[in-house]
Structures are given as structure tokens and as C-alpha cells.
Number of protein chains: 2
Amino acid sequence: MFLSEADLLSKAHSLAGRHVASLGSRAHKGGVGELVEIALGLTPGSSPEPDVASLGIEVKTLPVQNGKVIESTWVCSATPSSILEETWSTSRVRKKLARVLFVPVEGGDVPVDARRVGTAFLWSPNLDDEAILRRDWEDLADLVAHGLGFAVSARRGTALQLRPKAKDNTVRRTSIDVAGESYEHAPQGFYLRRPFTQGIIAAVFG
Amino acid sequence: MFLSEADLLSKAHSLAGRHVASLGSRAHKGGVGELVEIALGLTPGSSPEPDVASLGIEVKTLPVQNGKVIESTWVCSATPSSILEETWSTSRVRKKLARVLFVPVEGGDVPVDARRVGTAFLWSPNLDDEAILRRDWEDLADLVAHGLGFAVSARRGTALQLRPKAKDNTVRRTSIDVAGESYEHAPQGFYLRRPFTQGIIAAVFG
DNA sequence: GGGGATCCACTGTTGGATCCAG
DNA sequence: CTGGATCCAACAGTGGATCCCC
């Protein structure tokens, strides 16, 4: 496997300019992300490869059209129980975003197979990014931890937002609130807003 | 008439909180602007009153709803012949915007008569504003001067934009291009974009 | 159910069209 | 035709819903 960031980035760069079709065929949501991981020698769905895990790198495809990021980016789930055990420093959001290999891929109207892979790049939040993410996370996590996640709209947060994530809107999970009462709620997770990732793209590619 | 800015502003402040209905009845586009001018002792449509002219003040109502500016602001016309005789320093845009009495007025869905007048304020562009306006004007004016105004979209410009202004889209004017040929084009004018006036409001009212 | 994301109806924005008085 | 602006269909943006694989 990979021994260094440079190796991973180099491998990712070798994908630049290729069409998704040349990586295999997965014409479904998430399919491109899986193909890219496989092309990088990773195994989608399993726990991170040892090398990638030790490097602390998260791989994310970033759908782009005409130079613009067209979708928000999934980060991780946000359940009351998980949040209760976290602080910003120990949070999964911070860990996952500490080092990200962003792989731009054509998106939007372009047929999946015809989408071209762009030039991947490694990213870490700078001080401003970190401050914004932290503020958002602490605000949102606090609400979720208090069992108020259900009442939080995706409008909240500057870089990070809370959104539902499930097969459909009938899916419920059960949690225990601070009073010890159990309650049901839709599964939710943290996403990076498009303007935030757009800013990252702009900073990298001018 | 008015002897000073302070007099004009004072008079304008006396309108704050009043409803448009109390100023008279002009239930048409532009009617509120005219009523406000009359209430200030000015005569809409005529050349500026001596006092106001000597003060170099332009009066503009600013339609606002929920704290947000909801329309762009007309500045002046933009014909090739007029532009050819101007430079930024001598431009009507710069002169008109050098000192503006902005009178916020409720707008949008509120019935015209029920619209309340807000607290007027005097504004002049700061150095940043001036630089932006100048950049926009020089860019747009250059195109108009070269007879290319017809091809300029309202998307151009950061604070200032070029837009059609006529009774309908059949109205044409005739101009002479640099080669001496006459050509027809829709009347156009300069407008202040909403985000720009919104910024002014935000700076004044926090 | 978690991990990879995209879809799309709705809503907010705005470019171009238009309105009235003098 | 100018000076006072507002209207509104079309577009862009995005919140909430959804999809597939493992």
C-alpha cells in the first residue's frame, strides 16, 4: 500500500484526465467515489487501509461543473450519543477534515461514464477554516447533544451544516435524552457547505 | 429652501415613521420617490432646487423589506454620446453618488399606502466604494462609448451595472459610432446593485 | 446502518422589461 | 424623453429527500 502522502497524491494525480468509464462502471450515487477509492488501491466500505489510516487521510470526490462545486460534502453522522462523547478536539469531524485528499470530478449533467477526473490535491484547514469549523461544530453539536437536532435546519452553520441522511424520511432512530427519556428522530449528519469547498477549490486553483 | 445638509437631513428625519399615505397618493412606480421629494420641499422632475444643487445632494428612496434592500437603484442614463464626453472624475455617476440622501422606505408586498418611511441618512462613498465604482464605471463606460453597450449584460460590474431603461423593449435610440455610422440600440442606464446598497444600509444601521 | 454521494422541488435572486408623471 | 422607480419570468442556489453497496 501507500507509504506516504506523496505516494497517495502521486497515484491520485495519475487519474487526472481519465474518464470515469475507464475506472470501471458504477452508475449510481456514490459510485464515482467508490471507483476512485478502488483506483487508489483502497477498499470502499471497509475500515481505512493501514497506510491511509496512519496518515489520517480522508478521500473525497468533489463534483464540479464549470469550475463550481455543485454538491455539499458528506462528513460524518451526528447522533446525540456520539456527540456526547466528543469535544471539538476529539470530534470525528475534526479528525476527518484534518487531512483530506480532494479529487475533483466532473458532475452535474455530464453522464457518469463521461465524467473526467480532475487534479487531486491534499488539503488541511488553515487557521481561519479551523476556527469556522469549530464554531459551527460546537454550535450544532450542542444542539444535537441536547436532543434538539430534529429542530435544526440546514440553514444553520457557515461551513458545516446538519442534514438528514437516510434511505427516506420515514427512517427513525431512537436516542435517550438528558432526562433519560427515549425519543425518535431522523438520522442526521454533518456536511460541508458548497461555498466552503468552493473556496478551497478557488484557493488551490486560483 | 434648505440652507444646509443638516436642514435637509432634519426635514428627512421628520418623515421617519410616517406612512406613505400621509404624504399623499401616488400609487404607481416611482410615486413614493416623488412624494418623498415633495415632502422635502423639492420639485420632482424639475432641475434640482438651488440649495440641493449647490449641496450636490441626490435624493433616493431605498425600498427595504425585513432589513433587506429589495431593488436596485437607478443612477443615470448611459448613452454613447454622453459617455464620450465624460471621464470618471467628470461623470454624472460620480457626481450623483458623491452625496446621497438615502430614504429607506418599506417595499415589496406591503401596499404602497401602508409603507412606512424609515430614517434617512446622508452617504458618500468611502475610498473602497469609490474605487469599486470607478472600476465598474470605467469598464462599462468604455464599452458603451465604443457602441458595445447593447452587448453588455447586467451581470457585468460589482457595484454598478448597466440595464435597459425604456417604456418597453421596442424603444430604440440612434447613436453614431466611432466610424461615423449610425446605429440603433435600446436605452440603457447605470444602476447600483442591491448588494452594494445593502452594504451601505448594513454599515449605517449595523 | 454506515459510507459513498446525488437528486430535485422549492425558494430566493435578479436581469431584462415595464410603468407613470411631467 | 427624462426622472422617479417597480415588476416578474427565468435562473441559481440549496434544504430536505433519496439511492446503492456492503
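Worth saying up front: this structure is predicted, and the values here are computed from it rather than measured. Residue numbering restarts at 1 for every chain, and letters A, B, ... go by the order of the sequence lines.
- Among the atoms of the strands shown, none is found under 4.0 Å from any heavy atom of B:P187.
- Side-chain nitrogen and oxygen atoms of B:K68 include at least one within less than 4.0 Å of the OP1 or OP2 phosphate oxygen of C:dT13.
- By the 30° and 60° cut-offs, the orientation of the rings of B:W137 relative to B:W88 is tilted.
- One atom, CD of B:Q65, and another, C1' of C:dG12, lie 12 Å apart when rounded to the nearest Å.
- Checking the phosphate oxygens (OP1, OP2) of D:dT2, no side-chain nitrogen or oxygen of B:K167 falls inside 4.0 Å.
- In this model, the phosphate group of C:dG4 is not approached by any side-chain N or O of A:T61 to a distance below 4.0 Å at OP1 or OP2.
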**OP:** Begin with the C-alpha distance, continue with both residues' side-chain angles, and end with the deciding distance and a verdict on side-chain contact (heavy atoms from CB on, under 4.5 Å) for A:T119 and A:V204.
**Re:** CA-CA 10 Å; A:T119 301; A:V204 172; over 6 Å; no
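- In this structure, A:E37 atom CD and C:dA5 atom C1' are separated by 11 Å, rounded to whole Å.
- The shortest distance between the side-chain N/O atoms of B:R173 and the OP1/OP2 oxygens of D:dT2 is below 4.0 Å.
- The separation between A:I38 atom CD1 and C:dA5 atom P is 12 Å, rounded to whole Å.
- The distance between atom CH2 of B:W74 and atom C1' of C:dG15, rounded to the nearest whole Å, is 15 Å.
- Within the nucleic acid shown, A:S153 comes within 4.0 Å of sugar-phosphate atoms alone, with no base atom in reach, counting heavy atoms only.
- Between B:R156 and C:dG15 there is no side-chain polar atom (N or O) within less than 4.0 angstrom of OP1 or OP2.
- Atom-to-atom, CG of A:L62 to P of C:dA5 comes out at 10 Å; the value is rounded to the nearest Å.
- B:N66 has its CG atom 11 Å from the P atom of C:dT13, to the nearest Å.
- Checked against B:E106 for a side chain to side chain donor-acceptor pair (under 3.5 Å), the options B:Q65, B:R115, B:R116, B:H19 give a single hit: B:R116.
- At a threshold of 4.0 Å, the pair A:E130-A:R134 does not count as salt-bridged, since none of the basic side-chain nitrogens sits closer than that to a carboxylate oxygen.
- Contacts of A:G33 with the nucleic acid, taken as non-hydrogen atoms under 4.0 Å apart, involve only primed sugar atoms and P, OP1 or OP2.
- Phosphate contact (OP1/OP2 of C:dT13, side-chain N/O of B:R155, threshold under 4.0 Å): absent.
- Two residues are said to be in side-chain contact when any heavy atoms from C-beta on lie closer than 4.5 Å; B:V75 and B:L97 meet this criterion.
- For the pair A:N169 and D:dA17, the criterion of a side-chain N or O lying under 4.0 Å from OP1 or OP2 is met.
- Looking at B:T79 and B:R173, their side chains never bring a donor and an acceptor atom within 3.5 Å of each other.
- Distances shown here put a side-chain N or O of B:Q161 below 4.0 Å from the OP1 or OP2 atom of C:dG15.
- Residue contacts shown for B:A166 include a base, since a base heavy atom lies under 4.0 Å away.
- Between the side chain of A:Q198 and the main chain of A:V69, a donor-acceptor pair closer than 3.5 Å is present.
- The nucleotide whose nearest atom lies closest to any side-chain atom of A:R194 is, among D:dG15, D:dC21, D:dG4, D:dG15.
- Distances were taken from every side-chain heavy atom of B:E71 (C-beta onward) to each of C:dT18, D:dC20, D:dC7; the shortest belongs to D:dC7.
- Closest to the A:K29 side chain, of the nucleotides D:dT18, D:dT6, C:dA21, is D:dT18.
- Nearest-nucleotide assignment on DNA chain D puts the 5′-proximal partner with B:E58, out of A:H28 and B:E58.
- If you measure from atom CG of B:D168 to atom P of C:dC19, you get 7 Å, rounded to the nearest angstrom.
- Contact annotation: B:K60 side-chain N/O to D:dG4 OP1/OP2 distance is under 4.0 Å.
- One finds a side-chain N or O of B:R193 lying less than 4.0 angstrom from the OP1 or OP2 phosphate oxygen of C:dG15.
- Distance from the side chain of B:K165 is smallest to D:dG4 among D:dG4, C:dG4, D:dT14.
- Rounded to a whole Å, the OH atom of B:Y191 is 11 Å from the P atom of D:dT6.
- Nearer the 5' end of DNA chain C, as judged by each residue's closest nucleotide, is the contact made by A:R172, out of A:I70 and A:R172.
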